[in-house]
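The next block holds one structure in the form of structure tokens; read it before the comments.
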Amino acid sequence: NAGVMQNPRHLVRRRGQEARLRCSPMKGHSHVYWYRQLPEEGLKFMVYLQKENIIDESGMPKERFSAEFPKEGPSILRIQQVVRGDSAAYFCASSSPLAAFTDTQYFGPGTRLTVL
Amino acid sequence: AQSVTQPDIHITVSEGASLELRCNYSYGATPYLFWYVQSPGQGLQLLLKYFSGDTLVQGIKGFEAEFKRSQSSFNLRKPSVHWSDAAEYFCAVGNNAGNMLTFGGGTRLMVKP
């Protein structure tokens with residue numbers, strides 16, 4: 001049973017370009033979460049999605065960042081017009097819908113974004 | 001708002017010695033508590049979790065943690081550390097809706113031979 005998949009594992013962008021990060025949840029999981037880890041810091045919650053719905057985006061920056069989880073395909077975190085401060089590791093996690101209040105989030109290996 | 005504090009940024013222990021990593025949380029209701037481990041360049045692996053019941057929780061790799069409501073703590077312990085335990089450890093608290101984890105800043109563990 002494959003775990004949470006993220007790609008690419010490493011992404012380099014120049015300032016002003018767009019970054020697209022993909023996350024495929026574990027089989028049977030329909031809840032997806034995105035977290036950002038800045039250098040030398042812990043993870044910070046960004047957004048929680050279910051299929052075709054954004055449930056909680058309280059941690060998302062108001063501009064340039066967006067996320068989606070379409071009916072088919074992976075979840076996408078999109079960063080437009082990247083700046084150096086966006087350089088970080090972005091982690092995706094997924095959980096099962098069967099026990100939403102107590103279920104564990106399983107994390108992917110992360111995408112390390114570097115903005116030149 | 002929920003928060004998690006891990007007071008020790010770095011800890012160094014000798015192989016075979018015991019380990020305790022501290023975690024203090026702030027949360028208004030009964031917390032859901034987690035410990036994750038992150039090896040360099042890798043994602044997070046769940047070590048153990050506490051939702052309710054027995055306050056002493058057993059996890060993988062020989063780790064355990066004890067929930068102490070009176071102290072708002074959830075410290076991670078291991079009786080004998082192995083060199084492969086060197087990694088960064090994160091404590092996290094989940095909200096009631098189960099949709100957001102708040103992480104502490106992490107404790108980096110180094111193991112001396």
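A, B, ... follow the sequence lines: proteins, then strands. Residue 1 opens every chain. Note: hydrogens, waters and symmetry copies are ignored here, and every other heavy atom, side chains too, is used. Here the structure is a predicted model, which is why all the values come from computation and not from measurement.
Contact annotation for B:Gln38: only side-chain heavy atoms (C-beta onward) come within less than 4.5 Å of a heavy atom of chain A. The part of A:Gln37 that comes within reach of chain B is its side chain, from C-beta onward, which places non-hydrogen atoms under 4.5 angstrom from that chain. Contact of B:Leu44 with chain A is made through backbone and side chain together, with heavy-atom distances under 4.5 Å.
When all heavy atoms are compared, the tightest approach of A:His29 to A:Ser94 is ND1-OG, 2.7 Å. A pairwise comparison of heavy atoms in A:Ala19 and A:Leu113 identifies CB-CD1, 4.2 Å as the closest pair.
Between chain B and the residues A:Gly110, A:Pro109, A:Ala93, the most heavy-atom pairs under 4.5 angstrom are made by A:Pro109.
Crowding of A:Met5 atom CE: a count of heavy atoms from other residues, nucleotides or ligands under 6.0 Å not exceeding 12.
With B:Asp8 contributing its side chain and B:His10 its backbone, the two residues share no donor-acceptor pair below 3.5 Å.
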